[in-house]
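Note sheet for the following structure.
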Amino acid sequence: MLLIVSYCVAAHACYIGSKIAVSLYALQLGASQTTIGWLAAFYASAPLVMGVYSGRVADRHGARWPLISGACVVCAGMLIGVFTSGLASLFVIAVVTGAGFMFFNVAIQTLTGGLGTEADRAKNFSILSIGYSISAFVGPVSVGLAIDNVGYRGAFVMLALFMIPPIIGLSMGKRFRHAGGKKATEAASTAPSGALALLRLPQVRSVVIISGLIVASNDLFAFYLPVYAHSLNFSATLIGFILGVFAVAGFVTRFAMPLLLQHWRAERVMFACLILAACAFAVFPLSVNLAYMMTIAFVLGLGLGCGQPLSMMLGYNRAPPGRAGEVTGMRLTANNIARVVIPVACGALGSTLGASPVFWVNALNLAAVSALVWRQ
């Protein structure tokens, strides 16, 4: 499990860091908030159409080759940033990196769900989510420091180097060749076939919707905070540290997750955390003081930190046997629908009405999600 987490940290740090580098570079080139929103949406364009397919690949062929191919494609996306320049190249980086990370991410989550027994699943997903928190700190902080000290080309070189250990380790080892999700031989004869049939299952449909809306909120902060802070003349290093504080809070929440789940149902834990996050979003734009922004970012991270591990666990638990990877891909497809719609809409909203309405709309979104979770 520790090896899986180390690969996840490297790939996710590269993915998150690239989003910040791409956004800030585009702003330096004179791009508008609307253009930044489209750049963020392009990260989700390939996952939007290939998410379910990537899950089927992981179900049928195991996790190893989707992990290797995904890592190589993400690295290629960073090399585009090293050897090219201009706004058009940033859109290419977004598409390539989003496609590669989608294959890697679906495989790593399906692999995690298939390790050990059902009793180990909550612990395994909590450990994996801690890895996501570590990378959510490493990516923004390292890329912010790199941009301010060695420039954007140097930052892309650093991000490309993040992918070398997973590529070498997965290529040389054969540990995950046959590892995947629930075995297809366990499937009942009544198991639905096709993605639309899976969505007709209430337990699957609800977790797909909830996951998409939570990710919309999480990604909005990662996408819009650099735009908002750049407008306040914050340096890339300071922007990276604010996002790092957000990630540290998620790290704390995920360490506490197993203990919380011993006392309350997963749905009740998620409800309380989402209400906390909604309140943090509502008050975030009330001050431009750095200490205040870091404090609210920490509270926001505490609230949103539960969303990813719990939605991963619920999605795997509710999947029919032999379809865990497909449900994971479907959940990530819903996430990417949110990643297309939310940045474009919020970029346009921010350009027209300013920053505050963007944060307040997201607070309303989280309040609506918490109501949906309460009904589970």
Side-chain angles (χ1 to χ4, degrees), residues 4-26 36 39-48 50-51 54 66-82 90-109 112 128-144 146-147 152 155-167 170 215-216 218-223 225-226 239-240 243-244 246-247 250 304 308 312 328-329 332-333 335-336 338-340 342-343:
I4 293 173
V5 170
S6 68
Y7 293 157
C8 178
V9 168
H12 190 240
C14 179
Y15 176 73
I16 293 294
S18 75
K19 285 189 168 184
I20 296 166
V22 164
S23 295
L24 292 178
Y25 190 24
I36 303 299
L39 272 171
F42 267 62
Y43 267 93
S45 58
L48 183 61
M50 299 177 66
S54 67
L67 288 171
I68 294 172
S69 59
C72 289
V73 172
V74 170
C75 186
M78 299 306 96
L79 293 177
I80 293 172
V82 174
L90 297 182
F91 281 95
V92 177
I93 292 170
V95 173
V96 172
T97 306
F101 187 71
M102 177 265 303
F103 272 94
F104 188 95
N105 202 31
V106 169
I108 208 84
Q109 292 184 24
T112 299
L128 181 64
S129 65
I130 289 169
Y132 282 117
S133 293
I134 294 171
S135 55
F137 176 84
V138 172
V141 172
S142 62
V143 84
I147 290 170
Y152 289 97
F156 282 117
V157 170
M158 178 198 70
L159 293 172
L161 291 175
F162 281 1
M163 300 310 302
I164 300 303
I167 292 172
L170 289 164
V215 165
N218 209 340
D219 273 29
L220 180 134
F221 187 74
F223 144 72
L225 187 278
I239 293 170
L243 289 171
F246 173 76
L304 287 178
Q308 188 176 51
M312 285 190 298
T328 298
L332 294 179
T333 296
N335 295 355
N336 285 301
R339 286 177 171 138
V340 169
I342 296 299

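Side chains are part of it too, since the values below use all heavy atoms of this structure and drop only hydrogens, waters and symmetry mates.
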Quick one: do I93 and M78 satisfy side-chain contact (heavy atoms from CB on, under 4.5 Å)? Show the steps, please. CA-CA 7 Å; I93 292 170; M78 299 306 96; 4.2 Å; yes
Please assess L24 against Y152 for the test side-chain contact (heavy atoms from CB on, under 4.5 Å), listing each intermediate value before the final yes or no. CA-CA 9 Å; L24 292 178; Y152 289 97; 3.5 Å; yes
For L159 and F162, run side-chain contact (heavy atoms from CB on, under 4.5 Å): C-alpha distance rounded to whole Å, both residues' side-chain angles, the deciding distance at 0.1 Å, then the answer. CA-CA 5 Å; L159 293 172; F162 281 1; 4.0 Å; yes
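A distance of 8.5 Å separates CD1 in I20 from OG in S142, rounded to the nearest 0.5 Å.
Across all non-hydrogen atoms, the minimal contact from L128 to C8 is CD1-SG, 3.8 Å. Closest non-hydrogen pair, F137 versus A247, comes out as N-CB, 3.3 Å.
F221 and F246 have tilted rings, their planes meeting at an angle from 30° to 60° on a 0 to 90° scale.
Taking 4.5 Å as the limit, every side-chain heavy atom of I130 sits out of range of all side-chain heavy atoms of V5. Using a 4.5 Å heavy-atom cutoff, the side chains of Y43 and F101 are not in contact. Residues I167 and C75 are in side-chain contact: their nearest non-hydrogen atoms beyond the backbone lie under 4.5 Å apart. Two residues are said to be in side-chain contact when any heavy atoms from C-beta on lie closer than 4.5 Å; I239 and P140 fail this criterion. F103 has its side chain out of reach of V74: every pair of non-hydrogen atoms, C-beta onward, lies at least 4.5 Å apart.
In this structure, S135 contributes its side chain and Y132 its backbone to a donor-acceptor pair below 3.5 Å. For the pair T97 (side chain) and A94 (backbone), a donor-acceptor distance under 3.5 Å is absent.
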